[in-house]
Amino acid sequence: MSTITDPTTAALQATLDPVVARVAAQRDAWVRVGIDERVALLQRAIAGVLEVADDWVRTACLAKGIDPRAPLAGEEWVSGPMTTVRNLRLLVDAIAAGGAPRPMRIRTRPDGQIVADVFPHNLRERLMYSHMTVEVWIEPGKPPTQGHIYREKAAGRYQAGRTALVLGAGNVSSIGPLDVVYKLFVEDEVVVLKMNPVNDYLAPIFERAFAALVERDALAVVRGGADVGQYLCAHPRIDSIHLTGSDRTHDAIVWGDTVEEQERRKAAGQPRIQKRVTSELGCVTPVLVVPGRWSDASLAFQARNVASMVAHNASFNCNAAKVLVLARGWSQREAFLEKLHEVFTQLPARRAYYPGAEERYHAFRQHYPQARALGPSGPHVVPWTVIPNVPPNAGEYALTREAFCAVLAEVCLDVATPDDFLREAVPFVNEHVWGTLSCMVIADGATQRRHRAAFEEAIARLQYGGIGINVWAGANFALGVASWGAFPGSTLDRVRSGIGVVHNTMLFDHPQKSVVRGPFRLWPTPVWFADHRNLADLGRRATFFEANPSWLGLPAVAWAGLKG
């Protein structure tokens, strides 16, 4: 592992050039690594993650101000080692199947678009994951082909080796490792992982976990500031770049350091780097609440659901709920908001560990004097805050800027019925809410059945890469079988939520979006719920279970989940 403390060009060259050269020297050999060896490398990586899992979680918890013994530590288990192990195991299955694991079903919608049902694969998964289902929608007009590089290899055709730079995220610890394995095993590129300074404390843990890849120089991990990232982006032996971050970071890399330079280059069509750049750049994630007739228990449950979509990881998630879209004429709107606000008042404060959170929060408060802080505040704390009555206008501040802190804007559309709400809400979020990464739709089963045509048409028209129905879009990220990335259509000069996908362990060549559906009332308590009482125990057990799932191991995980 290389750590840069001297930002001079000579120091960067002396430290980074040997690292890049060592990895790049393996790029042509890597594309010819066979399936058996790839499976073995992934299996060693699974074992490596299990070996470091306790250190991984404890280190991340301490950095984020979480007691590693508290239930909240389960967030780090689930979004870190567990998600990583599950993704690695699914890649083992996919590659062992020659890059084309069999979906449960391929079907064609009435409009001709192909949809693959990919989850659950069996009764055990259905029981463990609360009867959730996952669909991968294929880009219109494209075939549901899988594993392009493996089809080419089977035909005796090998692409030229390439070296990728992965610029890791600083918030969710599994993002960097999962981006790395996607580049290696799906796109066939060797990787230099540049850690984000926010969580570069995980670098030595990742090197231990992925020692099998590091030892064969298919992967190198480096640390340092923006100067290191800039140097590597421009390095002549780096062929492609993948980043998780903001659209501002993307444009600084691709178009220039200043707004003036970026605008000039965009107008001329002259990016300053000529490399393939893929990205995941966040979203002002909306939650569409379809009006229905809910019991008091359902109102309370969905209040916990939405609050948890905001609160997870202290709201430092690119898919955190940021805009709550309601029907003004819904008779239970006020009752739902009252319960939602009550949940926020009961949630413990979280440390605002991500840089700039307090400044972003104060900017929102300045724009919206009506904002209500519903949780405790203090040093390095951003209180849970709602902004009532945000106008549904084009260009509205809260609709076009990702808060990346504990803020939820509340928007009402002047409609009352489910059909009218769906008809108005979809174009509203598609056109006026920034981003195309993730969104959620909450609708009770009776409403979905009575308004089935309008509901399914709404899902089809939503221009988001990951859609959760009654489920937080974090499930799209964690389950692995879903694709994760922005809705297709972005370009380098209008990048929005990014270009390309990751995860996608079914290896679809042309995924458009993934839809995760769940029951209106999930049971037992979902793992993203902020008030889960046994999440640390459940997360640890689920991590080891995902390495080798079996009926024999299920009862211990199920019991831990039932205690939540």
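Keep in mind that this is a model prediction, so the values were computed, not measured.
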Let me have the donor-acceptor pairs involving side chains of residues 173-181, under 3.5 Å, with sequence neighbours excluded, atom names and distances please.
{"from": "Ser173", "atom 1": "OG", "to": "Trp56", "atom 2": "NE1", "distance (Å)": "2.9"}
{"from": "Ser174", "atom 1": "OG", "to": "Ser79", "atom 2": "O", "distance (Å)": "2.7"}
{"from": "Asp179", "atom 1": "OD2", "to": "Thr244", "atom 2": "OG1", "distance (Å)": "3.2"}

Should the pair Phe301 and Phe529 be assigned to parallel (<30°), tilted (30 to 60°) or perpendicular (>60°) ring geometry? tilted
Can a donor-acceptor pair be found, under 3.5 Å and without considering hydrogens, that links the side chain of Glu125 to the backbone of His121? yes
Gap between atom CG of Asp420 and atom CG of Asp414 - 0.5 Å precision: 11.5 Å
Counting N and O atoms only, with roles assigned by atom type, does the side chain of Thr285 sit under 3.5 Å from a partner on the main chain of Lys322, one being a donor and the other an acceptor? no
Whether over 12 other heavy atoms sit under 6.0 Å from Arg124 CZ: yes
Going through the distances and angles, do Glu135 and Trp137 end up as a side chain to side chain donor-acceptor pair (under 3.5 Å)? CA-CA 6 Å; Glu135 309 156 3; Trp137 295 41; 3.0 Å; yes
For the CZ atom on Arg461, are there more than 12 heavy atoms of other groups (residues, nucleotides or ligands in this structure) within a distance under 6.0 Å? yes
Would you check if there is a donor-acceptor pair between the side chains of His451 and Asp419 at a distance under 3.5 Å? yes
Using only atom types and a distance under 3.5 Å, with no angle test, would you say the side chain of Gln448 pairs donor to acceptor with the backbone of Ala443? yes
Any ion pair linking Glu546 and Arg541 (charged N to carboxylate O, less than 4.0 Å)? no
Salt bridge flag under 4.0 Å for residues Arg423 and Glu457: no
Sidechain-backbone polar pair: Lys183 side chain, Val166 backbone, donor-acceptor under 3.5 Å: no
Note: Glu187-Arg276 ion pair, threshold 4.0 Å (strictly below): yes
Under 6.0 Å from the CZ atom of Arg533, do we count more than 12 heavy atoms belonging to anything else shown? no
Consider only side-chain N and O atoms of Thr491 and Asp493, and report whether a donor and an acceptor are under 3.5 Å apart. yes
Would a line drawn from the ring center of His503 to the ring center of Phe477 be shorter than 6.0 Å? yes
Does the Gln113 side chain pair with the main chain of Ile138, one donor and one acceptor, at a distance under 3.5 Å? yes
Electrostatic pair Asp444-Arg449, nearest N-O below 4.0 angstrom: no
Taking the six-membered ring for Trp, are Phe336 and Trp330 parallel (under 30°), tilted (30 to 60°) or perpendicular (over 60°)? tilted
Atom pair CG/OG of Asn319 and Ser438 - distance to nearest 0.5 Å: 5.0 Å
Of Val495, Leu243, Ile253, which meets side chain to side chain contact (heavy atoms under 4.5 Å, CB included) against Val277? Leu243
Is the number of heavy atoms from other residues, nucleotides or ligands under 6.0 Å of Arg328 CZ greater than 12? yes
Give the ring-plane orientation class for Trp472 versus Trp528, where under 30° counts as parallel, over 60° as perpendicular and anything between as tilted. tilted
Has the side chain of Thr345 got a donor or acceptor atom that lies under 3.5 Å from a matching backbone atom of Glu342? yes
Salt bridge or not for Arg109 and Glu456, using N-O below 4.0 Å? no
Test salt bridge (charged side-chain N to carboxylate O under 4.0 Å, His left out) applied to Arg304 - qualifying residues, sequence neighbours left out: Asp531
After noting the C-alpha distance and the side-chain angles of Thr525 and His532, does the key distance pass the side chain to side chain donor-acceptor pair (under 3.5 Å) rule? CA-CA 7 Å; Thr525 302; His532 197 293; 5.3 Å; no
Residues 95-106 vs side-chain hydrogen bond (donor to acceptor under 3.5 Å, both in side chains), sequence neighbours excluded, gives Arg105-Asp117
Asn317 and His312: CA distance, side-chain angles, deciding distance, side chain to side chain donor-acceptor pair (under 3.5 Å) verdict: CA-CA 8 Å; Asn317 287 326; His312 187 276; 3.0 Å; yes
